[in-house]
Amino acid sequence: MKRNTKNQTHVSEEEIVKQYRFMDLIKEINAEYEMKSGRKRLVFLQSFGCQMNENDSERLWGMLSEMGYCEGKNSEESDVIIFNTCCVRENAEEKVYGHLGALKKQKADNPEKIIAVCGCMMQQGHVVETIKKKYRHVGLVFGTHNLYKFPELLYNAINENSPVIDVDESPGSITEGLPIERKDTIKAWVTVMYGCNNFCSYCIVPYVRGRERSRSIEDIVNEVEELGRKNYKEITLLGQNVNSYGKDFADNTSFASLLRELNNIEGIERIRFLTSHPKDLTEDIILAMRDLDKLCEHLHLPIQAGSTRILESMNRKYTKEDYLNLVGKIREKIPNIALTTDIIVGYPGETEEDFEDTLDVLRKVRYDFAYTFLYSKRTGTPAAKNENQVSEEVKKARFERLLEVQNKISKEINDKLLGTTEEILVEGLSKNSVWNYTGRTRTNKIVNFKGSKELVGKLVKVKITGTQTWSLEGEVISW
Ligand code: 5AD
Ligand code: SF4
């Protein structure tokens, strides 16, 4: 099957071969070090962002393993420290600066230590300037667009005395053929497209992740087939706006056609995807979710705000009514679907009446869960220039009210599941010591239960015996 061929946005095969050569060179350096010192070189890598950022970190781990590095428990004992950063909200950025500041002494004590920063934050010129001026102990800076160049840049950082700074400001490309080392053995993230064209007025992502570009169906299918062979049971397709998958191809490849293709892959039992933009969630995607057995009954559909006036100012391209109609259509086709959302509280100009609209949507839609964020001013976005910024005090008070409404709804929805039987995919040990194993329903709800090791990675039927706001408790019935 030849559907869509690689286009000019792909990093060339020669470039990838070159990076493998750098991986080999560093592997030799590390082997020599191990011979002399009797220990392997260690890396401490911390991610600060979304699942795409975590997936990028898995690529970094793939390359690091090829180079002979092992994982360090903390920054003190590690030879290379990497922060994979996020810039969607200010607090994530502040955390990174805090961590970097704390490493100054470690670098002074051990000049061979390499401190590297990468990810979305580095795609902003002012951040790189700040690092150059105030964090001189940072030895390597690279961005999201040139992550594939990590081996070469690390090699240079090892061999040069001055910091290596390389951030590609082009609209971005696609890289295939890099190694990957996933943290999980049952569930896997698969990035299907990169970038975003939507320019929601509060959001920095389109400026740091570049324009929308889709991986070819063949490359995605190959990756998922391999996951199936490796006994992975669940995949989550990732993209800033997965619904516009394929729009950059000349043929009529769509997200729904990708879903249909992936549904046939052996071994994979469950398919999820993140994130959907309501304006692009077409009927064919809803029908694919209804008809394809592996597509889970869960949809993350960010509304961001309930007021049409605010939605317009956010450049979201739908009204409150459009959104509610869409939810009606989805529920008509898939009645048992769980819906989750993202909400921003305190967007510039948000009045009490606007905020009431958000609460109204919560009560009407009755989400299973809502990810709620205080509006964070991002330099370079149109909303940052808006003079009607909402005070922190008002934002926080609204945030609390929103949580109260949503938590009550989440608990009521969970309470209805008491006594029902659910299929869960067992993920492993639970953080909760009483219920020692944990899994998720197809609707993405966490279920804690008393189980045993053999159940991990299996689909198991559980009876729901208890409910909390964000999780359920159950008893295994059969597997
Ligand atoms: N302030 C607060 N939240 C934001 N998000 C994106 N940009 C901002 C911002 N400037 C939220 C949106 C998005 C989620 C990933 O992060 O709700 O859906
Ligand atoms: Fe940001 Fe909007 Fe794109 Fe989502 S769709 S990444 S919120 S610009």
Side-chain angles (χ1 to χ4, degrees), residues 47-55 85-95 119-121 123-124 144 171-172 189 191-214 236 238-245 247-248 255 273-281 299-307 310-318 323 339-350 355 358 361-362 367 369-386 388-390 392 394-396 398-399 402-403 406:
S47 292
F48 288 85
C50 61
Q51 289 89 343
M52 285 188 84
N53 175 283
E54 297 269 358
N55 195 217
T85 65
C86 167
C87 60
V88 171
R89 282 171 295 276
E90 198 178 3
N91 50 5
E93 288 201 350
E94 277 165 2
K95 256 193 230 161
C120 292
M121 225 175 128
Q123 293 291 145
Q124 304 169 96
T144 52
W189 290 308
T191 300
V192 298
M193 64 178 301
Y194 300 88
C196 180
N197 292 352
N198 289 317
F199 291 93
C200 300
S201 59
Y202 50 82
C203 187
I204 192 84
V205 169
Y207 306 91
V208 296
R209 285 268 176 183
R211 296 293 65 74
E212 286 177 359
R213 51 213 189 271
S214 310
T236 302
L238 298 179
Q240 255 78 39
N241 179 18
V242 286
N243 302 155
S244 49
Y245 174 82
K247 280 190 186 163
D248 49 336
F255 186 54
F273 55 85
L274 285 170
T275 286
S276 293
H277 193 304
K279 78 175 167 57
D280 297 315
L281 191 85
L299 182 65
H300 184 61
L301 194 63
I303 182 161
Q304 311 296 4
S307 145
I310 295 291
L311 287 170
E312 195 177 325
S313 167
M314 285 178 162
N315 192 29
R316 290 291 289 178
K317 301 191 172 79
Y318 53 84
Y323 187 93
L339 292 175
T340 54
T341 199
D342 288 346
I343 292 174
I344 297 175
V345 179
Y347 177 84
E350 183 188 77
F355 178 65
T358 300
V361 171
L362 287 197
Y367 295 103
F369 184 79
Y371 296 86
T372 45
F373 308 103
L374 292 171
Y375 168 72
S376 171
K377 204 169 160 181
R378 305 288 55 217
T379 309
T381 63
K385 295 189 205 96
N386 191 316
N388 297 319
Q389 299 289 328
V390 177
E392 287 304 308
V394 170
K395 271 196 239 177
K396 284 189 184 136
R398 287 182 187 159
F399 188 84
L402 189 96
L403 278 192
Q406 180 54 45

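Computed from a predicted model, the values in this text were never measured in an experiment. In each ligand, atom 1 is the first atom listed, and ligand 1 is the first ligand listed.
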Exercise for the section: Dump the intermediate steps for salt bridge (Lys or Arg N to Asp or Glu O under 4.0 Å) on Asp248 and Arg211, then the final yes or no. Expected result: CA-CA 10 Å; Asp248 49 336; Arg211 296 293 65 74; over 6 Å; no

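- The protein atom (non-hydrogen) at minimum distance from atom 6 (S) of ligand 2 is Gln240 CG, 3.5 Å.
- Residue Val205 has at least one heavy-atom neighbour below 4.0 Å for each of these atoms of ligand 2: 6 (S).
- Of the possible polar contacts, one joining the Arg378 side chain to the Cys87 backbone as a donor-acceptor pair under 3.5 Å is found.
- Taking every non-hydrogen atom of Tyr202 and a distance limit under 4.0 Å, the qualifying atoms of ligand 2 come out as 7 (S).
- The SG atom of Cys86 sits 12.0 Å away from atom CE of Met52, with the distance rounded to the nearest 0.5 Å.
- Under 3.5 Å, the side chains of Tyr347 and Ser201 contain a donor-acceptor pair of N or O atoms.
- To the nearest 0.5 Å, atoms NE2 (His300) and OG1 (Thr275) are separated by 4.5 Å.
- Atom 17 (O) of ligand 1 has Gln304 OE1, 2.6 Å as its closest protein atom, hydrogens excluded (heavy atom only).
- With a heavy-atom cut-off of 4.0 Å, Val88 touches ligand 1 through backbone and side chain alike.
- If you take CD1 on Ile344 and CD on Gln304, they are separated by 4.5 Å, rounding to the nearest 0.5 Å.
- Here the NZ-SG distance, from Lys317 to Cys200, works out to 7.5 Å after rounding to the nearest 0.5 Å.
- Both the backbone and the side chain of Tyr202 come within 4.0 Å of ligand 1, judged by heavy-atom distances.
- For atom 2 (Fe) of ligand 2, the nearest protein heavy atom (residue, atom name, distance) is Cys200 SG, 2.3 Å.
- Of the heavy atoms in Lys377, none comes closer than 4.0 Å to ligand 1.
- Relative orientation of the Tyr367 and Tyr323 rings is tilted, given thresholds of 30° and 60° on the angle between their planes.
- Proximity of a side-chain donor or acceptor of Arg209 to a complementary backbone N or O of Pro171 within less than 3.5 Å is not detected.
- Atoms of ligand 1 found under 4.0 Å from any heavy atom of Leu374 (numbered from 1 in listed order, with element): 1 (N), 2 (C).
- With respect to atom 5 (S) of ligand 2, the closest heavy atom belonging to the protein is Asn198 ND2, 3.4 Å.
- Among the backbone and side-chain atoms of Cys196, no N/O/S atom is found under 2.8 Å from atom 2 (Fe) of ligand 2.
- For atom 9 (C) of ligand 1, the closest non-hydrogen atom on the protein side is Ser376 O, 3.6 Å.
- Atom 18 (O) of ligand 1 has Asp342 OD2, 2.6 Å as its closest protein atom, hydrogens excluded (heavy atom only).
- Per-residue contacts place Ile344 under 4.0 angstrom from the following atoms of ligand 1 (heavy atoms of the residue considered): 3 (N), 4 (C), 5 (N), 12 (C), 17 (O).
- Remark: Glu312 CD is loosely packed, at most 12 non-hydrogen atoms of other residues, nucleotides or ligands lying under 6.0 Å away.
- Residue contacts with ligand 1: Thr275 is excluded, as none of its non-hydrogen atoms falls under 4.0 Å.
- Using a 4.0 Å cut-off between heavy atoms, His277 contacts ligand 2 through its side chain alone, with no backbone atom that close.
- Heavy atoms of Pro206 found under 4.0 angstrom from ligand 2 belong exclusively to the side chain.
- In terms of protein heavy atoms, atom 11 (C) of ligand 1 is closest to Arg89 NH1, 3.3 Å.
- To the nearest 0.5 Å, atom CD of residue Gln406 and atom OG1 of residue Thr341 are 9.0 Å apart.
- Annotation: Phe399 is not in aromatic contact with Phe373 [ring centroid separation under 6.0 Å not met].
- When each atom of ligand 2 is checked for a heavy atom of Phe199 under 4.0 Å away, the hits are 8 (S).
- In summary, an N, O or S atom of Cys203 is located under 2.8 Å from atom 1 (Fe) of ligand 2.
- For Arg209, the closest heavy-atom approach to ligand 2 does not fall below 4.0 Å.
- When each atom of ligand 1 is checked for a heavy atom of Arg378 under 4.0 Å away, the hits are 10 (N).
- Here the side chain of Thr144 pairs a donor or acceptor atom with the backbone of Val208 at under 3.5 angstrom.
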